[in-house]
Protein chains: 4
Amino acid sequence: MSKIAYLGPEGTFTEEALCRLEPDAERLSCPSIPAALEAVRRGEADGAVVPLENSLEGAITSTLDELASGEHLLITAELLLPVRFSLLARPGTELGYVKRVITHQAAHTQCRGFLARELPDAVVISAASTAAAAQEVSLPGSPYDAAIAAPIAGERYGLVEVASDIGDRTDTETRFVLVRRPGPPPPPTGADRTSLVVFLADDHPGALLEMLTEFSVRGVNLTRIESRPTGNGIGNYFFHFDFEGHVADARVGEAISGLHRVCEKVRFLGSYPRADRVAPQIKRGTTDAEYAEAAEWLERIRTGRF
Amino acid sequence: MSKIAYLGPEGTFTEEALCRLEPDAERLSCPSIPAALEAVRRGEADGAVVPLENSLEGAITSTLDELASGEHLLITAELLLPVRFSLLARPGTELGYVKRVITHQAAHTQCRGFLARELPDAVVISAASTAAAAQEVSLPGSPYDAAIAAPIAGERYGLVEVASDIGDRTDTETRFVLVRRPGPPPPPTGADRTSLVVFLADDHPGALLEMLTEFSVRGVNLTRIESRPTGNGIGNYFFHFDFEGHVADARVGEAISGLHRVCEKVRFLGSYPRADRVAPQIKRGTTDAEYAEAAEWLERIRTGRF
Amino acid sequence: MSKIAYLGPEGTFTEEALCRLEPDAERLSCPSIPAALEAVRRGEADGAVVPLENSLEGAITSTLDELASGEHLLITAELLLPVRFSLLARPGTELGYVKRVITHQAAHTQCRGFLARELPDAVVISAASTAAAAQEVSLPGSPYDAAIAAPIAGERYGLVEVASDIGDRTDTETRFVLVRRPGPPPPPTGADRTSLVVFLADDHPGALLEMLTEFSVRGVNLTRIESRPTGNGIGNYFFHFDFEGHVADARVGEAISGLHRVCEKVRFLGSYPRADRVAPQIKRGTTDAEYAEAAEWLERIRTGRF
Amino acid sequence: MSKIAYLGPEGTFTEEALCRLEPDAERLSCPSIPAALEAVRRGEADGAVVPLENSLEGAITSTLDELASGEHLLITAELLLPVRFSLLARPGTELGYVKRVITHQAAHTQCRGFLARELPDAVVISAASTAAAAQEVSLPGSPYDAAIAAPIAGERYGLVEVASDIGDRTDTETRFVLVRRPGPPPPPTGADRTSLVVFLADDHPGALLEMLTEFSVRGVNLTRIESRPTGNGIGNYFFHFDFEGHVADARVGEAISGLHRVCEKVRFLGSYPRADRVAPQIKRGTTDAEYAEAAEWLERIRTGRF
């Protein structure tokens, strides 16, 4: 049975994502995203599920940065998980009694409307994760009255829902990825996504435009771009790109080879089926068949057979 | 005397930045970045100092998101502040005794080497800010033994430095900005930066390339790009741009007018002197004089005087 | 009454174009395109009609080169004229008797099918124009039996049509322009064309791409590009551009001002109604109203009123 | 011995170019450029030398159009030939006596200064070529007094130089190419040129920009672009491109394969040593070695070995 690490403790959204992505896997709770990824790198787990971005909070920078350095890892699947928050407390707690709430900063932000409306006087303390918050509340003698966390956290820690679905928005979702040690990517499905990390050769004006042109000229559509600091002072960034298509596609292969040639370093993070199953619009002249035909044509003219 | 809000409590790096940017201002400590900015919007402060990005952690997304929505605010100055961490404790505490450390998540990340080396068994708890961590430690009966925070926080909260300069890197810096209510931007200095928020009209393939082309065709060099989620589901982003030059420059004016025409919404965040005083390399044909001469030429040919 | 020069002698396609463009004008026959344009420059004529391009032969380089140098002239109108050739001879001549044909080189090329089929043994001699050929045939003692020329040339020189519509293609057309001395261009009609000559600042790689980007970023569509030698050795070219829109349009004004700034020299040749009345597809954000709104917005943010 | 066709008759600049390109070849004079190329296509000659462009007159459109259609031909060499004109007449003719001059139109244009200065009253008649003009003058009973032609034409037709080097400019040159039936191109020399004909898929706005981007993104520098009419009405063009590099170069191969994929039709005209021996400036990331390394990298990530 495969063992998959995740950002724990038990009861996190990440655990829920793992249950959906790999229902039969043995689950290994880890205290942090780096720890979950290290477990894979060291062979203690066969894979890890980590959050990559949230539709309200944006990128999970810890994941981005961990994937960009250290030993290579490969994203093999993604999942979009709707985010539902509950206010969880020890049995018997009433809403009016809640004075000290603990939760993750992001959950705090996303439940501001509820907190302002229902608990205007409550103090909100930050925890490392929503599940850690729930766990904290479940401890005997906890100084906290309630946690904002995923419903699953209530089950895991014996808490009850004082209020449910308390997020300001009901359409929030988090994108999770399953990463494994390097190997062949999963086969193309026709609706795939590829992720890449790119370090510029030198940060000249127009370098970003040049990178995007490497994609556009091959008809490869970007779906996400994130800049991250290289650590070498303000003004120096590297980039995470997500784009449509699979590394096995000719157009994707040529585009990322182009980046590899002109950039300082390109790290391939994986090609995997899109969670939303959206197939790309393919620009004229960029199908595999058209690439193959062009390669034949080139071979013919190079050898004088035309 | 002008009153400037900042991300408190007392003893934050932000307070230090404020002291440098506006030494004579009255300082108003605020519990969060949104609170500091709201204080300006509501007229309770004349300005606010908030962090925008850190050379290790990247963008301060709370600042980015707050500036992108709500009532307009204007960045009028920036500052680059070196980041120096100290391990602060109540007088009499020895390093060997420290078991529970509290600090902000970012400081935790940046002091990992020190913690692994010197305090391998210590538990590290997250606080809302490094100053809050110091304050927490200073409270009688605090469950924490030490805080990782700015040296200034030690002074403010009566703590002593058990260890200083404990960051893994010594070249880390944070970029702070001073924002005020809308008004004319400070005059051009020849080494200015302009910040902008851009919402795409529709997220078609190539939209980002088009935006960058609006800059490049006028010889305006980007210095930073950040994507942020619009909140409307994974895959929908808006952008923060920093670029060289001042809104009063002809080339900058034309470039951002171009963005204004082709994008859904452009929010001007300000033009202000660069902290590093680096003047831009100006591309042929993009000086104000060349713009003026071209405008005259156009007027002549439109009216038949050539 | 206005006097308009044209590429003579009487009986040319150019004369026919002039009759259509300016039916009431006095016509001044000139021996060459340069002569016709010089007549305008010197004030001997109020305008000149000259061919600019032919759908089979391409650019009329003499016209391109004459408009690109010397005193400025302004194109104020264009006309598309179908090209119809006749075989013209002195009365009494029969097709079988024709052994020596005279015509302009272009007409020769365009009637190759007819010549090969009907007059396989005939010698074809080049004349300066089809009308000159007809005139030559009309002279007593002419060594030529027939001319290939416009039907109008038969009327002017007393020749008869031995065969008509003898071109290999029936859809050939020539584009003529009416040029005048500099003055305000005719007002926009909504379906206009603008012509320009551009000399590069330095012929660096990518210079042409940069020029085209100046157009595309403002949504201005090119309809024709011609390179011409500068005269300074093989490898040095200047460019003629035709594009959609009128110099009075904001997007056109900005695009050509951009070229004026970054190129060595830009010569405006005129904005005039398109002969085919095709209105441009206007890219989002490039109407005059959108330009005006963006200018207002820029003014507001520059002065702090936002 | 190889037999090479050329644009005759004897005494043309083209014959001179042939003598320099292939001194030992048997020369086959042809009455026109199309005839010279047809001689190669039909196997009557092993190659043909034809002019491609002139530094004053521009493209030799007949050559461009003939190479773009019909059976494929391959350019295997190019030559830059300085253009020197002489006024040639039958022995005994004095300059003052010359009343009727015959020459090719281009020579006429290039000797305007001399004609205006020395022979202001002379009539100038057009011939198919400068050599044909010289031949015409050499005929007993010729109505012409002198020809403007290459010095070599005097030798061939028994004429004497009444005046030499009479061109308005002394730096004029013509670029000739040697074409053969399809076969492998000559091997790369490090300073090569490649010629191509491109028909657009559909003439949408921005199509030309897209084509140029296919070159620029691979660091391939254009040296010449010519638009030619497709014959299907004004406004429809195809393009001749000359650019640096050899079809055997990886970057050139990828660029022209890209054009082949996105354009209606691409015709390869050949890769051959540049006459001026200028080696290209190679953009970072576009050498063959860098291409090979990128291909290996791509293969590794596609198969999971990274």
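Below, chain A is the first sequence line, B the second, and so on; all start at residue 1. Bear in mind the structure is a predicted one, so any value in this text is a computation, not a measurement.
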Visitor: In terms of heavy-atom proximity below 4.5 Å to chain D, should Leu80(C) be classed as side chain, backbone, both, or neither?
Guide: side chain

Visitor: Does Glu173(C) use its side chain to pair, donor to acceptor, with the backbone of Gly233(D) at less than 3.5 Å?
Guide: no

Visitor: Could you tell me which of Ser126(C), Gly58(C), Gly206(C) has the largest number of non-hydrogen atom pairs under 4.5 Å with chain D?
Guide: Gly58(C)

Visitor: Check whether Arg175(C) reaches the backbone of Gly235(D) with its side chain - one donor and one acceptor, N or O, closer than 3.5 Å.
Guide: no

Visitor: Pick one of side chain, backbone, both or neither for Thr213(C), based on which atoms fall under 4.5 Å of a heavy atom in chain D.
Guide: both

Visitor: Once rounded to the nearest 0.5 Å, what's the spacing between atom CG of Leu222(D) and atom CG of Leu208(C)?
Guide: 7.0 Å

Visitor: Is chain D contacted by the side chain of Asn232(C), its backbone, both, or neither, given a heavy-atom distance below 4.5 Å?
Guide: both

Visitor: Contact part of Phe239(C) toward chain D, heavy-atom cut-off under 4.5 Å: side chain, backbone, both or neither?
Guide: side chain

Visitor: Taking the side chain as everything from C-beta on, heavy atoms only, tell me whether Thr61(C) gets closer than 4.5 Å to Glu57(D).
Guide: no

Visitor: Assess the side chains of Glu226(C) and Tyr237(D): does a donor N or O sit below 3.5 Å from an acceptor N or O?
Guide: no

Visitor: Under 4.5 Å from any heavy atom of chain D, what part of Arg112(C) do you find: side chain, backbone, both or neither?
Guide: side chain

Visitor: With a 4.5 angstrom heavy-atom cut-off, is it the side chain or the backbone of Gln105(C) that approaches chain D, or both, or neither?
Guide: neither

Visitor: Working to the nearest 0.5 Å, report the span between CD1 of Ile234(C) and CG of Leu56(D).
Guide: 9.0 Å

Visitor: Please name the pair of heavy atoms, one in Pro229(C) and one in Ser55(D), separated by the smallest distance, quoted to 0.1 Å.
Guide: CB-O, 3.2 Å

Visitor: Between Arg228(C) and chain D, with a heavy-atom cut-off of 4.5 Å, which part of the residue counts as in contact: side chain, backbone, both or neither?
Guide: side chain

Visitor: Which bit of Phe243(D) is near chain C, if near means a heavy-atom gap under 4.5 Å: side chain, backbone, both or neither?
Guide: neither

Visitor: Quick check for you: to the nearest 0.5 Å, what is the distance between Asn221(D) atom CG and Leu209(C) atom CG?
Guide: 11.0 Å

Visitor: Looking at Gly231(C), Gly219(C), Pro34(C), Ala127(C), which one has more heavy-atom pairs under 4.5 Å with chain D than the rest?
Guide: Gly231(C)

Visitor: If I take atom OG1 from residue Thr223(C) and atom CG from residue Asn236(D), how far apart are they, to the nearest 0.5 angstrom?
Guide: 11.0 Å

